[in-house]
Every structure is written in structure tokens, then in C-alpha cells.
Amino acid sequence: MIALLKRDLALATRAGGGFGLAVAFFLILCALVPFGVGPETSALRPIAPGILWVGALLSCLLSLDRIFALDHEDGSLDLLATAPIPLEAVTALKALAHWITTGLPLVVAAPVFGILLHLPGQATGWLIVSLLIGTPALSMLGAFGAAITVGLRRGGLLLSLLVLPLYIPTLIFGTEIIRRGAEGGDPTTPILFLAGITAGVMALVPFAAAAALRVNLR
Amino acid sequence: MIDLGKYAGTVLAAYGVSLLLLAGIVWQSWAANARARRELEKYEKNG
Amino acid sequence: MSIWEYANPVKFMRVSGAALPWLAIAAAVCTLGGIAWGFLTPEDYKQGSTVKIVFLHVPAAMMAINIWVMMLIASLIWLIRRHHVSALAAKAAAPVGAVMTLIALATGAIWGQPMWGTWWEWDPRLTSFLILLLFYIGYIALWSAIEDPDSAADLTGVLCLVGSVFALLSRYAVLFWNQGLHQGASLSVAPGERMSEVYRYPLYVSMLGFLLLFLVLVLVRTRTEIRRRRLAALQAREMRA
Amino acid sequence: MSLLAVHDLAVARGGIRAVEGVSFTLDAGEALILRGPNGIGKTTLLRCVAGLQLAVDGRIEMAEDSVAYAAHADGLKAALTVTENLRFWAQIFGGGNVEQALTAMDLTALADRPAAALSAGQKRRLGLARLMVTGRPLWVLDEPTVSLDAASVERFAALVRAHLAGGGAALMATHIDLGLGEARVLDLTPYRARPGRPPGRPAGFNEAFA
């Protein structure tokens, strides 16, 4: 199983793997927002948590279709399905690889981009915490969407349409953590909710994703 | 005609939009069904 | 004979064909009657004539949720018992549900304009319906994107299952996010908040009408789907032979 | 003890039964070649045996995790080298000697080359080398000799023979002669599914509504 994770990481970081594109997209998004709303701190500060989360969400979306599409094209998915590893574990591992190559860089980059958006200093810690807890769920739900659309020729747009509504609860609790943190409030409740959602997604969605993959393989 | 008071526009707009949408889905369902029946009958007749 | 016999396409076509004219008449009478009766009700002392919108808004909102539940049940029947008509019924119901959601949203927005002073308010209930609309759109889009009917039925079934969980989750997340202006459920049974009888009876008729209308539409659309599938199946068989 | 026993199998393609009533057994050391016109359902039958698809009817008996499947796509990653590709599949399937497989398919000289820089025939050979590193006894091969030249086909036949001699078995679908004289041949043409709606559970939408 480690071999699968290692291979996916190697493929993502080698030439043509698209590693770092998500962070670059995230940067552009955060750089564009002030042009839209104006450079004043009073305009940027209240929307910074939301922009950072929505930006992370959209950046995550960019690379979702690669989770299974490439393996489907070259026949690896057929072979993985006949391997001794259960398909549920394959989907979970691929989501994990996606998180390490996309989600984790976003978590690291977000505090820097927070400065661009005048995010208050005391909220930075909560930004990292909320992204760290929330982004794994984004990758796993994305893997589910990718599993459903893997056989389709123009699945990319449909994938976004299917996955984004599933991101709503994560987005709500994620930004709530930062907002409460920035106001000096107690963000324990949204943290617990967000962690609960992520844990539930991790436990249950691999089964749905594996079921969808099996349908698409027949 | 009954008097709708100062909210006449609001009420009429709500009824108008709703009835339009309902009529739209009814018409679409009916038309699609008629078309499917025609095509199937045509195919079964011609073999 | 078990109830599953009705899942046989031939039998379904026969029974639904016989029932449809009567159901259609009942649906037309109840829906138009309920709406017209509602339109003629007196004004509310607080909300003025806008109270008449309730006869569209509430039944549509009720059906928007119930249709999704019906799709969930139909999907489960397909996934567990593999009745093809059940999968097609779920597919047939989705556009009707989307239109109901749209009516609930549109009437809500139009009603909100004079009451809250804005067309759109990010009220938890309105927001939940917007999210529900997104799920309907995704479900319909997935059905139309997959060519192979067997895969399409399975994948949309799985999506409906996962979507149901997340629609419910979003509902509670939205409550947490914003407390909102929306009044409580209109048919609340708590004493003191009960709706006056002048409004209650037309509302019941209208709700029954919307339910019957949905039944008629879903039967017609399922028949359409069965005919389309039959045509495709005959063509596939001819191509193979 | 046979490695694979198929009883009265029916498989569906595009929601319609393609072949039905297929029965055969495959013992250790045996090879079976499926033949039949295009579209009869050879690929579907192989995918059923590999467990990628469900059979409509009948039984497939074999030990768990005994199948190595290879089809038109080789499951190779262009960005990884030949050795990396092989080592990955060896690890996934639990063991298998990478060096030995490289030697058998004459890929040792190309071991450090990225798979992107291989010719179609070389890729195919690498795909077949993957079969060896799975360490599984039953090879299920769909058109294994596509894009192989005559010399490579011979090498492939030798590879299969060595596998059979080592107690393995092979189930193949192919159009051309592989030079495997000892292999049994099963023509699927007589098993073509009868038209019309069969009794019992329909295979898919196209059968349920026909």
C-alpha cells in the first residue's frame, strides 16, 4: 500500500505532474481579490477568511480529475482492481496522495497569502488549524467525484458541479473557525464539527468511491 | 376583480412565476412523452 | 403476487396508463382549485395580501423535499433489488423536484421583497433550498452525461445516497452559520401559532394538488423513460443480430 | 485440483447477454485460447474471470487472488522508468523477482529508461513482464500479442510455456496463431446468446426493456 502512495507522490512531483499548480492558482486568486474589492484593510480584513477558504477549495478542485483519470486511461485502474489491495483502500490512498500534493501545500501557503489579504495576526493560527482539519475531507470528497466521473469524456466540469455542493459544510465550519478566532472568540465548537465531518468523510466516502469505481470499470 | 391592496404586484408576480413554471414542466413532460410514444410506434411499425 | 410485480415494465405501463387520466383530472382540480381558493382568501392583518403566496410557497417547498426523499427511496430500491423501473422513476422525478425547488425559491424571494425589504436574504431556510437545487442540478446533469443506462443508474444512485447525507448536513451547518428571519414552519401544531382556518383548508387542498400533480408528472415521465429505453433496447438488439 | 472452473457462465455486454452456457476447466500447466468473431464477448468473459465485471449467470470457481490480468492498456506510467514500473507492480501484488522478469523479456538494457521512451513493442513486453512479477498462477490475457513483432511473439510463447511448466495456467483471447501448439482452443461461436428475452433476471436495461 505504501508503494501506491509513493508512486502517486513520485508521479505528481515529476515533470508533467502538475505539482505546485494549485498553489500558484491560489496565489493568483488571492492577488486578484484586492483588485475587485479595493485595497483598504477595512474592505479586505472581513472577507479574508472566506476568500482564503474559497480559494483553497477551488485550487483543490483543479487537480481532482487527475486522481483516477490517468490511471483509467493507461489501464492501471483495471490492474489495481485485481490487486490484493481492496479498492476502498486504493481510493483512500489516492485521496491521501492528492492531499499531500495539493492540500498540504495550500495549508503551508495560506498564512502567507493571508498577509496579502490583511488577515489579522491572531487569526493565522486558526487559519492553519482549520485548513489542516478541513482539507483532507476536500480531497476525499473530490476522489468520490472523480470516481463517479472517471469514464466520462468531458467529466471535468461535471466533477465541479457534483463536488462543490458537497464542500458546503466543510466551508461553513472552516471559515467559522477563523472568524471566531479573529474576533478573539472560542472556536472549539466549529473545530469539533469540522473534525467530525472530516472523520465521517474519511470513514464512509471510500466505500461510495470504490462502489462508483467498480461501476465504471465494468 | 378582488382588491390586492398595495402588494398587488408581489402577489401577482408570485402566482405568475409559479404557474409559468408549473405549466412549463407539465408541457415538457407531455411533449417528451408524446414524442417517445411516436418514435417507438414508428419503429415497431417499420420493424 | 408480490408488490414487486408492478416493477415489471409491461405491467407498470398497463397500470399507470389506466390510472393516469383519473389522476390527471384529480391533480388539475386540486391544484387549480387550491390555488384559486387561496387567491380569494381575505388579507392577513399583518402581511396584507402577500399571505396568498403561502398557497404556492408551502406546497412547493414541501414537494421539493419529499421528491428528493422519494428519489432516495427509488435509488435504494434500484441499488438493492435491481428494479429497472425504480431507477427510471428516480430519474423522472428529479426535474419535477428541481422545478418545485425553483418555485419555492422564486415565491420566497418575491415574498421576501416587501416583508424583509430585500429580494434575497441568506436565511437558513432559503439557503438550504438553494443547496437542494444544486443537488438536483448535479443529479440531473450526471444522468444526462452517462450514455450507458446501467452505469448511469448505478452512479446516480450512489450520488443520491451521498447527496442526501450532505444535503442534511448542509441544512444543519447552515443553521449554525446564520440564524435567519424566516418564520417557523407554517403548519406548526404548537398552540397559539396555528394558522387561521380561513387559510388552512385552501392550503391543504393546494398541498394535495401539488402531491397529485407530482404523481401524474412522475408517472408520465417514467412512461417516457420506459419508452425511450425500449426503443434503445430494440435498436441495440437489432444492431447485435 | 483445477486452477479455474467455469460452469454455465453467461456474460453481458452493453446490457445484453453476449455468450451463455460456457463451461470449461483449466488445470495447472494448461493454456486455453478463446476464439470467435469480433464482438462476441471474449473481452467481457475475460473481465468476468478477472473479477472486474459480474457474470449474469453461472459460476466461476477459483482460489482468491489467483488472477493476473493484462489487456490492451499496459498500466505503465510514462514518467517512471522500466524498473520503477515493474517494481511498483511487484510490490502491489506482493513479491516477484523484477530482475528475472527483465531478463526474460529482454528488457535489461532498457531498465533505467523512462517508459515514455519505449517503442510500442517494448511497452508491450514490459506489460507482459508485469505478469511475471505478480506471482499469480492464472494469467488472463486479452490480445497479448498486439503490436509485437514475430520475434517478440516467439519470446512471448516461450514465456507462457515457462509459466505453464512452473505450474501456472493461461486463459487467452487472440486472433493470431501464437505458436502454442499445446494450447486448447475454445471457439465461442456456438455459445452466442439466443436472441429474445431469457427467463430470469435481465442482464441490464437493454434486456429488461426489449
Side-chain angles (χ1 to χ4, degrees), chain A residues 1-21 63 65-94 96-98 101 147 150-151 153 209-218, chain D residues 11-15 43-44 46-56 62-81 84-96 114-116 123-124 126-127 130-131 133-136 138-140 142 203-204:
Chain A
M1 292 205 201
I2 301 296
L4 179 59
L5 186 61
K6 279 209 304 231
R7 181 192 72 147
D8 272 21
L9 293 181
L11 285 173
T13 44
R14 274 190 205 181
F19 180 73
L21 276 182
S63 48
D65 59 338
R66 297 177 68 97
I67 296 183
F68 294 117
L70 298 178
D71 278 348
H72 184 67
E73 274 165 31
D74 65 20
S76 300
L77 214 50
D78 282 345
L79 306 177
L80 283 172
T82 58
I85 309 175
L87 210 49
E88 285 78 6
V90 171
T91 57
L93 279 169
K94 288 196 147 284
L96 178 62
H98 178 263
T101 53
V150 70
R153 251 162 287 133
L213 269 189
R214 286 200 184 93
V215 171
N216 273 324
L217 283 180
R218 16 170 235 240
Chain D
V11 300
R13 195 169 59 83
T43 296
T44 313
L46 292 182
R47 287 181 77 85
C48 272
V49 171
L52 291 167
Q53 200 175 339
L54 290 178
V56 179
M62 60 181 167
E64 209 175 313
D65 286 342
S66 57
V67 172
Y69 174 77
H72 314 282
D74 290 314
L76 301 176
K77 289 294 171 195
L80 300 183
T81 67
E84 281 172 326
N85 267 303
L86 270 189
R87 193 178 300 132
F88 166 68
W89 290 112
Q91 283 168 334
I92 288 289
F93 281 88
K123 274 187 192 156
R124 197 75 206 146
L126 178 53
R130 183 192 60 83
L131 285 172
V133 303
T134 59
R136 291 197 163 175
L138 178 60
W139 289 2
V140 174
D142 194 2

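- With a threshold of 4.5 angstrom between heavy atoms, Glu64(D) does not approach chain A through any atom at all.
- If you measure heavy-atom distances from Leu76(D) to chain A, the contacts under 4.5 Å come from the backbone alone.
- Neither the backbone nor the side chain of Arg87(D) comes within contact range of chain A, judged by heavy atoms closer than 4.5 Å.
- Put simply, the side chain of Leu4(A) reaches to within 4.5 Å of the side chain of Ile92(D), judged on heavy atoms.
- Each of Arg47(D), Arg13(D), Gln53(D) was compared with Arg218(A) under the side-chain contact (heavy atoms from CB on, under 4.5 Å) criterion, and only Gln53(D) meets it.
- Taking OG1 from Thr134(D) and CG from Asp65(D), the interatomic distance works out to 11.0 Å, rounded to the nearest 0.5 Å.
- Around the CG atom of Leu5(A), the shell of radius 6.0 Å holds more than 12 heavy atoms that belong to other residues, nucleotides or ligands.
- Taking Ser76(A), Ala3(A), Ala10(A), Gly75(A) one by one and counting their heavy-atom pairs under 4.5 Å with chain D, the maximum is reached by Ser76(A).
- The CZ atom of Arg7(A) sits 11.0 Å away from atom CG of Leu93(A), with the distance rounded to the nearest 0.5 Å.
- Between chain D and the residues Leu77(A), Leu70(A), Ile2(A), Leu80(A), the most heavy-atom pairs under 4.5 angstrom are made by Leu80(A).
- Using a 4.5 Å cut-off between heavy atoms, Ala50(D) contacts chain A through both its backbone and its side chain.
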